[in-house]
Number of protein chains: 2
Amino acid sequence: MRVVGAPIGAFGDQCRRRRLQKPPPFVYDYRSDSAPPIHRGMDVQNEPIIARLKAFPMFSDLSAEDLASLAGMLTLRQFPKGSFVISQNDKGSVMYLLVAGRVKVSLASPEGKELALNYLEAPSHFGEMSLVDAEPRSADVIAVSDVEVLCLDARDLSAAIQVQPKLALTLIATLSRRVRSLIGRLEDMAFHDATHRVMRVLLNVATASYEARGVPVVEGLTHYEVATLAGTSRETASRVISQLAKEGVVGTKGRRVIVDLFALRDRIERD
Amino acid sequence: MRVVGAPIGAFGDQCRRRRLQKPPPFVYDYRSDSAPPIHRGMDVQNEPIIARLKAFPMFSDLSAEDLASLAGMLTLRQFPKGSFVISQNDKGSVMYLLVAGRVKVSLASPEGKELALNYLEAPSHFGEMSLVDAEPRSADVIAVSDVEVLCLDARDLSAAIQVQPKLALTLIATLSRRVRSLIGRLEDMAFHDATHRVMRVLLNVATASYEARGVPVVEGLTHYEVATLAGTSRETASRVISQLAKEGVVGTKGRRVIVDLFALRDRIERD
DNA sequence: GTCACACGGTGACCTGAGTCACGCGCGCCG
DNA sequence: CGGCGCGCGTGACTCAGGTCACCGTGTGAC
């Protein structure tokens, strides 16, 4: 294991002052290629894999044998918080099933700016695009917590689809959802101003939080991260949030933002 | 970013002065719903469909029987230049195989701005996303020339995949490509200025033209359309093109732009 | 021909928001 | 407990580029 002390607050919190510096290489070296497999699929011991597979709805109806044969194609890997699971432009034809932890998918510009596409939590999957075309990775995927993934190599894809044909449809559905969400982002960038976009990010995050935990709250995201999600600068995100607080649309309690979902929704609506 | 906007297609040439007016309804009413089928698949007479199917690489290796059974699921329709094949937010679970003509995929904002996502020509397909999720259409698809399409209903999708399993992989591959291209667009919008984006559009169009016809030329696109592709205003697109002409990176012969691919490429490179 | 659009070019203006700079408070660690 | 690093808040400046306004020109209809 090459990486010892897991990288500071990840780079999630990578500070704006650091943005232009090269990040410490010893962390960035921790790539999928070098990540040690925790369990190889061929192991006699692949119960851990099977157990984790069952968490995926698309595999929940498989027989024990099918699960086992699927597990035979998968490798379990762990990534520490802050490490790159995938780097943009890398070659690589492995798809990942995220079984534990949280990752962010984001783009980095040469000038050191960052645009976050998404935050994913288990169970979900990513990296499937390189399975079908041979193109290099189109974005970075960075662990924002310690993470466990199951890796499926492109060579095994058709075998996997044989075992569970639903997999193909699931992939299509995921990609569709992704296309829709990207179109939405693009629409936002093209048609709406920064204020609008920040509000939308807040609304989305708070709504998700509400659905998951019953509290319409934005927490665990710095203003910088909100900004990367909205495609704007930290300062602008900050100003928008202050303004919304002043208007009473959100409340700020320490470093968390409590959102009045309805108020925010129609604050967005009326342009 | 602002995209100056306006409708559309037949009215691709629509003038900026008209931008905010409602377009003449008799054209816009021409929707997929109302488009008369030219040949229903069930017809005894489905040779025309079969003939057109063969143009698609993914079906070229099918047996005569398979082609016939596939044709049985398809309906041939025509759309006149300027009509909407798909409208954003419509429900609809039909996928289209474009067999003749040219369509543009674009987004319209309520304020009448427009962002073009893509121009497609036969053979290609669109509208497949609604096959798998039940979401409404995420963009407009507008015929920019007279167009022929084959329609496949969602109900027949799995049957079609049965006939040609490759279809599933083709769909995945198409969606992947689309995701990549959308990510590229988003990157452009987030990281690059309007000048850069316009240059990229010119490069792409000219490169495609070069590959198809051996001439690195941009024609058949108004400055307004270039602007919608770049996510900027007509005026800005216009100014960029003038500037590039002044620099000798492109030549303008009447209303066509001849691009020096190499010069433009490294003009873009050196930021 | 000529009339009328549609398209393209360009100047002037103005605002959204990126950027810089700095100060503040909190939480962590020696 | 004192410092220091990190995240947040805000003012000031700047400028890319959207918008408005207007004109010239090519082109297609009749």
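Below, each value reflects all heavy atoms present in this structure, side chains not excepted, and no hydrogens, waters or symmetry copies.
- For C:dG16, the OP1/OP2 oxygens have no side-chain nitrogen or oxygen of A:Thr195 closer than 4.0 Å.
- In this structure, A:Glu219 atom CD and D:dG7 atom P are separated by 16 Å, rounded to whole Å.
- Checked against salt bridge (Lys or Arg N to Asp or Glu O under 4.0 Å), A:Arg177 has no partners two or more places apart in sequence or in another chain.
- Nucleotide D:dC6 holds its P atom 14 Å from the CD atom of A:Glu225, rounded to whole Å.
- Closest approach of A:Thr195 and A:Val240 over heavy atoms only: CA-CG2, 3.8 Å.
- Side-chain proximity of A:Arg255 to the nucleotides D:dG7, D:dG17, D:dG9 is greatest for D:dG7.
- Distances shorter than 4.0 Å separate some side-chain N or O of A:Ser242 from OP1 or OP2 on D:dT10.
- Atom-to-atom, CE of B:Met199 to P of D:dG17 comes out at 11 Å; the value is rounded to the nearest Å.
- For B:Ser238 and C:dT10, the shortest distance from a side-chain N or O to OP1 or OP2 is not below 4.0 Å.
- One finds no side-chain N or O of A:Ser233 lying less than 4.0 angstrom from the OP1 or OP2 phosphate oxygen of C:dA17.
- Under 3.5 Å, the side chain of A:Arg234 and the base of C:dG18 form no donor-acceptor pair of N or O atoms.
- Here D:dT19 presents its C1' atom at 16 Å from CG of A:Asp193, a figure rounded to the nearest Å.
- Between C:dG18 and A:Thr236, a contact under 4.0 Å exists linking OP1 or OP2 to a side-chain N or O.
- Classification of the A:Phe79-A:Tyr96 ring pair by plane angle, with boundaries at 30° and 60°, yields perpendicular.
- Per the geometry, OH belonging to B:Tyr224 stands 13 Å off P belonging to D:dG18, to the nearest Å.
- Scanning atom types as modelled, no donor and acceptor separated by under 3.5 angstrom connect the side chain of B:Arg239 and the base of D:dG18.
- Residue A:Lys246 places no side-chain N or O under 4.0 Å from the OP1 or OP2 atom of D:dT10.
- In this view, B:Arg255 satisfies the side chain to side chain contact (heavy atoms under 4.5 Å, CB included) rule with no residue, not counting sequence neighbours.
- Residue B:Leu221 is the one, among A:Ala194 and B:Leu221, whose nearest nucleotide of DNA chain C lies closer to the 5' end (criterion: closest heavy atom).
- Nucleotide C:dG8 holds its P atom 14 Å from the CZ atom of B:Arg256, rounded to whole Å.
- In this structure, B:Lys113 places its NZ atom 12 Å from C1' of D:dG17, rounding to the nearest Å.
- Among the nucleotides D:dT19, C:dG8, D:dG17, the one closest to the side chain of B:His223 is C:dG8.
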Side chain to side chain contact (heavy atoms under 4.5 Å, CB included) evaluation trace for A:Phe126 with A:Val149: CA-CA 10 Å; A:Phe126 54 88; A:Val149 292; 4.2 Å; yes
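- Atom CD of A:Glu235 is separated from atom P of D:dC6 by 17 Å (rounded to the nearest Å).
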